[in-house]
*Asks:* 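Starting off with a structure, shown below.
Below, chains carry the letters A, B, ... as their sequence lines are ordered, and counting in each starts from 1. Since we're looking at a predicted model, the values are computed, not measured.
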Amino acid sequence: MRGGRATALPAGAGVSGLLYPPALRKARRDQQLVSKRLLRADPPKEAGKVVSILGEAEIQQFLRLAQRGTEEKEREKALASLRQGLQHSETQQAFIRLETSMRTLVGLLTSNQALLQLEAARCLHELSHSDQPVVAEACLPATSYLLTYLSSHSSDFTELCLYTLGNLIVASEGVRRQLLPQGIVPALAACIQSPHVAVQEALGYALSQLLQAKEAPEKIIPAILASTLPQHLLQLLQPGPKLNPGVAVEFAWCLHYIICSQVNNALLITLGALSTLGPLLLDLAGAVERTEDAGLELLACPVLRCLSNLLTEAAVEAVGGQIQLGDERVVAALFILLKFFLQKQPSLLPEGLWLLNNLTANSPSFCTSLLSLDLIEPLLQLLAVSNVVSVLVLTVLCNVAEKGPAYCQQLWPGPLLPSVLAMLAASDTEVVGQSLELLQLLFLYQPEAAQAFLQQSGLEVLDRHKEEAQLQDRVFALRETALHG
Amino acid sequence: MQLPPAIRARLAEGPGAAEPLPVERDPAAGKAPFRFAARRVRFPREHEFFEDGDVQRHLYLQDVLTQVAEAPERPRVSEFPCQVAGCQQVFHVLEAYEHHYHTQHANVCSVCKRAFPSSHLLDSHLLEWHDTLFLTLAERQDMYQCLVGGCKEKFRTSRDRKDHMVACHLYPVDFRFDKPKKSKGPSTPEVLAPMSAEALGEHSQQLEGDAMEVCSTGHVTPPPAPEEESCTPPGLPGRRAYSHRVPATICFGQGASRGFRSIKKRGKHH
């Protein structure tokens, strides 16, 4: 399997053929996918009300009232009104046009009146949700305070500050350039020890945004790896009754962004990443079995990615990682997940098969498990889901077959040959090419299979591709092998 | 996709690996024109392979919006007062009370009654303002620790520390993290205020103190109108010398109680 381009798929289709809106795909390719979280905590009675856009004069009025009103309730109401108005981008623009508005808001953020402080924080949160980097940058004067308040014992407030920071982080590189020297990494490392689940999830979100920054591999991830964050991160991913799914999703994605940036994965392995992720995968499969599948694919995806990428590290061998992971329950778990993906989220099949490739490529033990657990036939059932999936399935089968006669004897006779023949009849070059590779191995180690091939009109199917430039040589060679051994 | 029934059982059993079948490769395998070689594959950050999963993740984050937009249960109860003796704040909503407690009563200096956003900052304050040993040592060595987590720098004066935080950590020049309590006392109310500091005033008054003192005082907002106090009251440098003549053991006003336990339920999206 090459880590290269997916072969011909309908326009707009993803790697697996699933159709997502073209704009989203393009944004992903252009690296502009910006995800923001918004906490809106309006009391129910406000939900139905239409919120109007505020102009500069009204904003000033509300701010003045919030700052200097005589009645506490009056001040809170003024700030709440401002907050609602800030749901509109026009209000946000008007707000940032006013020279002292942010200073005033930051002053209210540091108020010793609890409700004012909370409302001011909510106003900032609304601003952080803006699409415009210029609005995010207008919030720069507030960041040192947001960071200070991360160590607050008020979990609601900390949660709000974290989501606000997460939004600001993603909106502008200028914000990130300030947050790093201001100490965001130590602040997060301290805050991650909070026992509050909502705070943990919010922190995971903010951290995941920080890790996706384009400058992250050079400027951010090294600092994170040098802190205590990785240990805490892994701790929060420990499977068991205390694992919170919402929290785990965020931190699994964080781990994925760190790992795929390939800054220092050896460190993560020494910190025990494999011995966390392996059992977590088993746990996930168990949850699927118990049909507790609400949103499990959201956690499965990053876990699969982390495991697959980590397995390519040389450090894995050093800590006997293959042995740790050599537990064949991992294979059983993976197939339970593959079946789940087929039913619920076929676009994740390639990711699952990627892990299967990385498990089986250099491991006689895992290849043997595939055979002894009778998983070849289920694997064959995935053929023809899509071209990418087919290529991956064929690659895994090649991983098994290339280990020699003892393995090929288990592959034929059986359903494998007819399935591969069907793939040979496909039009996709890569699918056909990988089928040819598999057949070569099969004929080499199990010559009787070649006979069966001929009897099943294999040559005719083969000959369909003899004009194809990328396939010709292999077609001819295979033909020779089949006919003359 | 049909899985063999033994799979479920296998998952439930203990760890174990299959005794691998013997590996025996023929050199002709994967030889030209064939090219197969079993190998692990890694995908870097921006690889196209991740496109689908990334889009799903993005949609999930956007979706959370609709979940959390449902108003969380914030039961409004009839007005109740703050439990801390002397505090006259009242609340309708438990979350606001919790926030109030944690920010106004949880990390309070028992000497000068100031509240701090975190126990770390309270500890720094106690050291720098109410510890005579610290002040003695500070005369001879660098004792003022940078307030940014992880920074090990220490400075001779709080002014130097502030300059460092502004220059190296990009902190705002007027960084302050709490508002002072309203005080009816004389111009140095911080050490002499006999009244309970738990009574929160409507207008925060200016009290002396430098920015980034771990006893922050003063407004962040510039005084827009004459009724506000000015930002830099006189006698500024002298204050510190004055304050530490008061022995740390003398405690004015009541101590903050720390026994609060949260009873609220969280009605968020899980």
*Asks:* Under 4.0 Å between a side-chain nitrogen and a carboxylate oxygen: does that hold for Asp54(B) and Arg305(A)?
*Replies:*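 A salt bridge is present here (some side-chain N lies under 4.0 Å from a carboxylate O).
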*Asks:* Please report the shortest heavy-atom distance between Pro33(B) and Ala477(A), naming the atom on each side.
*Replies:*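 Between these two residues, the closest heavy atoms are CG-CB, 3.8 Å.
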*Asks:* Name the region of Ala6(B), side chain, backbone, both or neither, that has any atom closer than 4.5 Å to a heavy atom of chain A.
*Replies:*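 Neither part, no heavy atoms under 4.5 Å.
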*Asks:* Select one option (side chain, backbone, both, neither) describing which atoms of Leu282(A) are under 4.5 Å from chain B's heavy atoms.
*Replies:*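 Answer is both: backbone and side chain atoms of Leu282(A) are under 4.5 Å from chain B.
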*Asks:* Side chain, backbone, both or neither: which part of Cys301(A) has a heavy atom under 4.5 Å from chain B?
*Replies:*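 Contact with chain B is through the side chain of Cys301(A) alone.
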*Asks:* What do the steps show when you test Gln89(B) against Gln113(A) for side chain to side chain contact (heavy atoms under 4.5 Å, CB included), and what is the final call?
*Replies:* CA-CA 9 Å; Gln89(B) 285 286 288; Gln113(A) 304 279 18; 3.6 Å; yes
*Asks:* Anything under 30° is parallel, anything over 60° is perpendicular, the rest tilted; go ahead and classify His99(B) against Phe157(A).
*Replies:*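 Geometry flag for Phe157(A) against His99(B): tilted rings.
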*Asks:* Please state whether the rings of Trp354(A) and Phe50(B) are parallel, tilted or perpendicular, taking 30° and 60° as the class boundaries.
*Replies:*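 If you compare the ring of Trp354(A) with that of Phe50(B), the planes turn out tilted.
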*Asks:* Looking at every heavy atom in both Leu441(A) and Gly30(B), which two are closest together, and how far apart are they?
*Replies:*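 The pair with the smallest heavy-atom distance is CD2-N, 4.5 Å.
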*Asks:* Chain B: which of Ser208(A), Ala401(A), Cys260(A), Gly404(A) shares the most heavy-atom pairs with it under 4.5 Å?
*Replies:*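 Most heavy-atom pairs within the cutoff with chain B belong to Cys260(A).
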*Asks:* With chain B, which of Thr360(A), Asn309(A), Leu140(A) has the greatest number of heavy-atom pairs at distances under 4.5 Å?
*Replies:*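 Winner by heavy-atom pair count: Asn309(A).
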*Asks:* Counting heavy-atom pairs under 4.5 Å with chain A, which one of Gly150(B), Ala96(B), Pro4(B) comes out on top?
*Replies:*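 Looking at each of Gly150(B), Ala96(B), Pro4(B) in turn, Pro4(B) comes out on top.
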*Asks:* Heavy-atom distances under 4.5 Å only: say whether Ile336(A) touches chain B with side chain, backbone, both or neither.
*Replies:*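 Its backbone and side chain both get close to chain B.
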*Asks:* Ser372(A) versus chain B, heavy atoms under 4.5 Å apart: side chain, backbone, both or neither?
*Replies:*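 Answer is side chain: those atoms of Ser372(A) sit under 4.5 Å from chain B.
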*Asks:* Would you name the heavy atoms of Thr368(A) and Glu19(B) that are closest together and state the gap between them?
*Replies:*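 Heavy atoms of Thr368(A) and Glu19(B) come nearest at CG2-O, 3.5 Å.
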*Asks:* Going by an N to O cut-off under 4.0 Å, is there a salt bridge joining Glu13(B) and Arg329(A)?
*Replies:*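 Here Glu13(B) does not pair with Arg329(A) in a salt bridge, since their nearest N and O are not under 4.0 Å apart.
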*Asks:* For the residue pair Gln2(B) / Glu377(A), report whether a side-chain donor-acceptor contact shorter than 3.5 Å exists.
*Replies:*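 There is no such pair between these side chains.
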*Asks:* Contact part of Leu373(A) toward chain B, heavy-atom cut-off under 4.5 Å: side chain, backbone, both or neither?
*Replies:*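 Its backbone and side chain both get close to chain B.
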*Asks:* Tell me, for Tyr445(A) versus chain B, whether the close heavy atoms (under 4.5 Å) come from the side chain, the backbone, both or neither.
*Replies:*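 Just its side chain gets close to chain B.
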*Asks:* For the CD1 atom of Ile7(B) and the CG atom of Leu375(A), what is their distance to the nearest 0.5 Å?
*Replies:*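 Rounded to the nearest 0.5 Å, the CD1-CG separation comes out at 4.0 Å.
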*Asks:* Just by modelled atom types, is the Leu170(B) backbone N or O under 3.5 Å from a matching donor or acceptor in the Gln182(A) side chain?
*Replies:*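 Such a contact is found between Gln182(A) side chain and Leu170(B) backbone.
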*Asks:* Please look at Ala187(A) and chain B and tell me whether the side chain, the backbone, both or neither of the residue comes under 4.5 angstrom of a heavy atom of that chain.
*Replies:*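 Contact with chain B involves no heavy atom of Ala187(A) at all.
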*Asks:* Flag the one option from Pro245(A), Pro217(A), Pro141(A) with the top tally of heavy-atom pairs under 4.5 Å to chain B.
*Replies:*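 Top count of heavy-atom pairs under 4.5 Å with chain B: Pro217(A).
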*Asks:* Are more than 12 heavy atoms from other residues, nucleotides or ligands located less than 6.0 Å from atom CZ of Arg25(B)?
*Replies:*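 Enclosed: over 12 neighbouring heavy atoms sit under 6.0 Å from CZ of Arg25(B).
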*Asks:* About how many Å separate CG of Leu444(A) and NZ of Lys31(B), when rounded to the nearest 0.5 Å?
*Replies:*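 Rounded to the nearest 0.5 Å, the NZ-CG separation comes out at 11.0 Å.
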*Asks:* Under 4.5 Å from any heavy atom of chain B, what part of Glu437(A) do you find: side chain, backbone, both or neither?
*Replies:*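 Both the backbone and the side chain of Glu437(A) come within 4.5 Å of chain B.
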*Asks:* Please classify the contact of Thr143(A) with chain B as side chain, backbone, both or neither, using a heavy-atom distance under 4.5 Å.
*Replies:*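 Thr143(A) has no heavy atom closer than 4.5 Å to chain B.
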*Asks:* Can you tell which part of Gln410(A) gets under 4.5 Å to a heavy atom of chain B, answering side chain, backbone, both or neither?
*Replies:*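 Gln410(A) touches chain B through side-chain heavy atoms alone.
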*Asks:* Please check this pair: side chain of Asn358(A) against backbone of Val41(B), looking for a donor-acceptor N/O pair closer than 3.5 Å.
*Replies:*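 Yes.
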*Asks:* For Gln440(A) and Ala28(B), indicate whether the former's side chain and the latter's backbone hold a donor-acceptor pair under 3.5 Å.
*Replies:*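 Checked: pair present.
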*Asks:* Pick one of side chain, backbone, both or neither for Ala333(A), based on which atoms fall under 4.5 Å of a heavy atom in chain B.
*Replies:*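 Looking at Ala333(A), backbone and side chain both touch chain B.
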*Asks:* Of all of Arg64(A), Gln262(A), His256(A), Gln178(A), which one pairs up most often with chain B through heavy atoms under 4.5 Å apart?
*Replies:*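 Among Arg64(A), Gln262(A), His256(A), Gln178(A), the one with the most close pairs to chain B is Gln262(A).
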*Asks:* Taking side chain as everything from C-beta outward and backbone as N, CA, C, O, which of these in Leu382(A) sits under 4.5 Å from a heavy atom of chain B? Side chain, backbone, both or neither.
*Replies:*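 Contact with chain B: side chain only.
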*Asks:* Chain B heavy atoms under 4.5 Å from Leu478(A): which part of the residue, side chain, backbone, both or neither?
*Replies:*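 Backbone plus side chain of Leu478(A), per the 4.5 Å heavy-atom cut-off to chain B.
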